[in-house]
Each structure stands twice: as structure tokens, then as C-alpha cells.
Amino acid sequence: MEATTWQTDQVPDRHRDPTVTARPSQEVKGAVTDSLAAHGWTVAEAVIAALAWIVADPAKALTHLTAHRPPPKKTGRPKKRDSQSPT
């Protein structure tokens with residue numbers, strides 16, 4: 001399995017390579033954008049590099065990332081409010 005697209009002759013393609021989505025808070029996104037820009041990186045470059053690191057050395061990468069792992073998201077639809085309860 002190839003760790004990264006940039007190690008191949010293929011350019012990422014929106015039809016072949018599905019998008020990975022994440023929704024960080026505005027505060028986190030702003031802080032990370034500024035921090036990465038100060039080092040000459042973009043958010044996309046950092047995410048792709050992190051994914052490549054996980055593929056190359058999952059044990060080491062995940063050990064470092066565990067402290068920053070977000071809590072799991074709730075899944076499913078919200079419970080319906082009881083029509084008898086006051087609003």
C-alpha cells in the first residue's frame with residue numbers, strides 16, 4: 001500500500017480519491033492554520049502527512065496522537081421530546 005500520493009506519479013483526483021471530512025471548532029482551525037503557516041505548512045498538507053505517518057508507523061503515530069483524540073460523536077437521531085412535558 002502506498003503511504004502517500006506525492007510519492008507516486010499520480011496527482012490526487014477527486015473522482016478516484018474520496019474526501020475525508022472533519023469539522024474542528026473555529027478556534028482550533030484558526031489556531032492550527034496560524035501555527036502551521038508559521039512553519040510553511042497548510043492544514044491539508046499536515047492532515048495528509050499525518051495520515052501518511054499513521055500508515056507508515058501506526059503504533060508510534062497513534063501513541064503520539066492519543067492525547068489529542070476527540071471524544072466520540074453521538075450517532076443517530078436525537079430523541080424526540082415528550083409531547084406531554086412542558087417546553
Side-chain angles (χ1 to χ4, degrees):
M1 173 184 231
E2 295 176 32
T4 58
T5 305
W6 62 87
Q7 292 176 343
T8 71
D9 293 332
Q10 290 186 334
V11 174
D13 178 89
R14 67 182 184 153
H15 301 291
R16 182 187 64 238
D17 304 317
T19 301
V20 175
T21 59
R23 194 175 305 275
S25 68
Q26 285 182 322
E27 296 81 20
V28 169
K29 187 171 185 220
V32 78
T33 300
D34 295 344
S35 181
L36 289 168
H39 295 279
W41 285 69
T42 66
V43 173
E45 291 169 337
V47 169
I48 292 169
L51 294 174
W53 181 30
I54 293 167
V55 169
D57 192 350
K60 184 175 182 179
L62 295 174
T63 297
H64 286 277
L65 293 171
T66 297
H68 307 283
R69 187 178 185 178
K73 293 174 83 175
K74 293 180 181 179
T75 59
R77 297 180 66 146
K79 292 183 179 180
K80 289 184 179 180
R81 292 191 335 183
D82 184 3
S83 61
Q84 301 295 329
S85 65
T87 55

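The shown structure was predicted, so the numbers you read here are calculated from the model rather than taken from an experiment.
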Heavy-atom closest pair, residues [X] and [Y]:
| X | Y | result |
| --- | --- | --- |
| Thr33 | Lys29 | OG1-O, 2.7 Å |
| His64 | His68 | O-CD2, 3.7 Å |
| Val28 | Pro24 | CG1-CB, 4.1 Å |

Residue list, side-chain hydrogen bond (donor to acceptor under 3.5 Å, both in side chains) with Gln26, at least two apart or on another chain: none
Atom pair CD1 (Ile48) and CH2 (Trp41), whose distance is rounded to the nearest 0.5 Å: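 That separation rounds to 10.0 Å.
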Roughly how far, to the nearest 0.5 Å, is CD of Glu45 from NE2 of His39? 13.5 Å
Donor-acceptor pair, distance only, cut-off 3.5 Å: does the side chain of Ser35 make one with the backbone of Ala31?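 No, the answer is negative, given that no donor and acceptor are paired below the 3.5 Å cut-off.
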Shared hydrophobic cluster, Leu62 / Val55 (ILVMFWY, side-chain heavy atoms < 4.5 Å):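 No, Leu62 and Val55 fall in different hydrophobic clusters.
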Are any of the side-chain heavy atoms of Val32 and Val43 separated by less than 4.5 Å?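 With C-beta onward as the side chain, the pair touches.
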Report yes if some heavy atom in the side chain of Ile54 is under 4.5 Å from a heavy atom in the side chain of Leu65; otherwise report no.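 Result yes, sub-4.5 Å side-chain heavy-atom pair found.
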